[in-house]
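Residues: numbered from 1 along the sequence shown.
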Amino acid sequence: MLSVSIPPDATAPEWQVSQWFNTPIALDLAALRGKVVVVHAFQMLCPGCVSHGIPQAERIHRIFSNEGVAVIGLHTVFEHHAAMQPVSLEAFLHEYRITHPVGVDLPVPGQSLPATMQRYRMQGTPTLILIDRAGRLRLQHFGRLDDLVAGAEIMRLAAEEPGS
């Protein structure tokens, strides 16, 4: 488990997504400004993601959706590329009853790491990212983050005055 040190006022990099699920429109950070954004980067064949990260994200979505919090899944494939195609992800999301929006991180030709994973310098999955209402990156944590810690951090950001 590792939380990345984030410089103050670090603007969150925009995501590069090739396809969206569970949303009728493509999402971006500009459209979500004013909300606390919780991004969970995962792979559907990642044991830690399946046992902890994905269920945690779905719980956050259900609990905080009326609190100005947007939960976004980012399927960021850096291994087993052939097995984790969007058609497989669609079935996975249905079987696991995932209801929050999920984007497929844009593959980069000739590289194993997809675009958004590179932009955020992620170390792997699961990774939990918190972005405040002003679009600043406030937390990036690789590995399992306890539900109470995640909930406390989300509420702290939700309670902040806009622009503070």
Side-chain angles (χ1 to χ4, degrees), residues 1-23 26-44 46-65 67-79 84 89 93 98-108 112-160 162 164:
M1 292 183 288
L2 180 66
S3 289
V4 174
S5 177
I6 299 169
D9 296 327
T11 301
E14 191 55 69
W15 313 312
Q16 291 188 307
V17 172
S18 62
Q19 185 174 353
W20 285 97
F21 294 95
N22 297 337
T23 179
L27 300 173
D28 61 30
L29 287 171
L32 295 171
R33 191 74 35 97
K35 294 186 177 201
V36 173
V37 179
V38 178
V39 178
H40 75 100
F42 73 99
Q43 294 186 100
M44 64 183 155
C46 161
C49 298
V50 173
S51 69
H52 180 73
I54 295 167
Q56 180 183 62
E58 189 65 16
R59 286 191 302 274
I60 292 168
H61 174 65
R62 289 183 180 148
I63 292 168
F64 291 104
S65 62
E67 305 295 326
V69 175
V71 176
I72 307 296
L74 184 65
H75 191 239
T76 184
V77 178
F78 59 92
E79 58 189 353
M84 292 195 272
L89 176 62
L93 296 173
I98 306 305
T99 61
H100 58 273
V102 173
V104 177
D105 199 355
L106 183 68
V108 177
S112 62
L113 298 181
T116 307
M117 186 176 202
Q118 288 182 34
R119 282 185 168 187
Y120 279 81
R121 294 185 173 104
M122 290 183 216
Q123 297 177 342
T125 57
T127 292
L128 185 72
I129 297 167
L130 299 182
I131 300 167
D132 69 15
R133 294 188 285 174
R136 295 176 302 214
L137 183 61
R138 300 290 291 274
L139 174 82
Q140 183 168 321
H141 184 87
F142 169 56
R144 183 181 178 135
L145 186 63
D146 185 81
D147 283 355
L148 288 174
V149 173
E153 289 297 315
I154 292 165
M155 284 308 298
R156 185 175 63 75
L157 294 177
E160 286 182 353
S164 63

What is the minimum heavy-atom distance between [X] and [Y], and which atoms define it?
{"X": "Leu29", "Y": "Pro13", "answer": "CD1-O, 3.3 Å"}
{"X": "Leu27", "Y": "Pro101", "answer": "CD1-CB, 3.6 Å"}
{"X": "Gly103", "Y": "Val17", "answer": "CA-CG1, 3.6 Å"}
{"X": "Glu79", "Y": "Met84", "answer": "O-CE, 3.0 Å"}
{"X": "Ala150", "Y": "Leu128", "answer": "CB-CD2, 4.1 Å"}
{"X": "Pro126", "Y": "Cys49", "answer": "N-SG, 3.6 Å"}

Check whether any side-chain heavy atom of [X] lies under 4.5 Å from a side-chain heavy atom of [Y], and answer yes or no.
{"X": "Thr127", "Y": "Met117", "result": "no"}
{"X": "Val102", "Y": "Met44", "result": "no"}
{"X": "Val39", "Y": "Ile131", "result": "yes"}
{"X": "Leu130", "Y": "Ile154", "result": "yes"}

Any chance you could measure [X], atom [atom1], to [Y], atom [atom2], to the nearest 0.5 Å?
{"X": "Glu153", "Y": "Arg138", "atom1": "CD", "atom2": "CZ", "value": "8.5 Å"}
{"X": "Glu67", "Y": "Lys35", "atom1": "CD", "atom2": "NZ", "value": "11.5 Å"}
{"X": "Met122", "Y": "Asp105", "atom1": "CE", "atom2": "CG", "value": "6.5 Å"}

Partner set under side chain to side chain contact (heavy atoms under 4.5 Å, CB included) for Leu106, not counting sequence neighbours:
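In terms of side chain to side chain contact (heavy atoms under 4.5 Å, CB included), with neighbours along the sequence ignored, Leu106 is linked to Gln16, Ser18, Ala115.
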Just by distance, do the side chain of [X] and the backbone of [Y] share a donor-acceptor pair under 3.5 Å?
{"X": "Gln118", "Y": "Leu113", "answer": "yes"}
{"X": "Arg119", "Y": "Glu14", "answer": "yes"}
{"X": "Gln140", "Y": "Tyr120", "answer": "yes"}
{"X": "Gln56", "Y": "Leu145", "answer": "yes"}
{"X": "His52", "Y": "Asp146", "answer": "no"}
{"X": "Gln43", "Y": "Phe78", "answer": "yes"}

Val71: which of His61, Arg59, Glu58 passes side-chain contact (heavy atoms from CB on, under 4.5 Å):
His61
Would you please name every residue forming a ring-ring contact (aromatic ring centres under 6.0 Å, His included) with His40, sequence neighbours left out?
Phe42, His100
Test side chain to side chain contact (heavy atoms under 4.5 Å, CB included) applied to Leu32 and Ile72, step by step
CA-CA 10 Å; Leu32 295 171; Ile72 307 296; 4.2 Å; yes
Report the C-alpha separation of Ile54 and Ile98 in whole Å, then their side-chain angles, then the decisive distance to 0.1 Å, and conclude whether the side chain to side chain contact (heavy atoms under 4.5 Å, CB included) test is met.
CA-CA 8 Å; Ile54 295 167; Ile98 306 305; 3.2 Å; yes
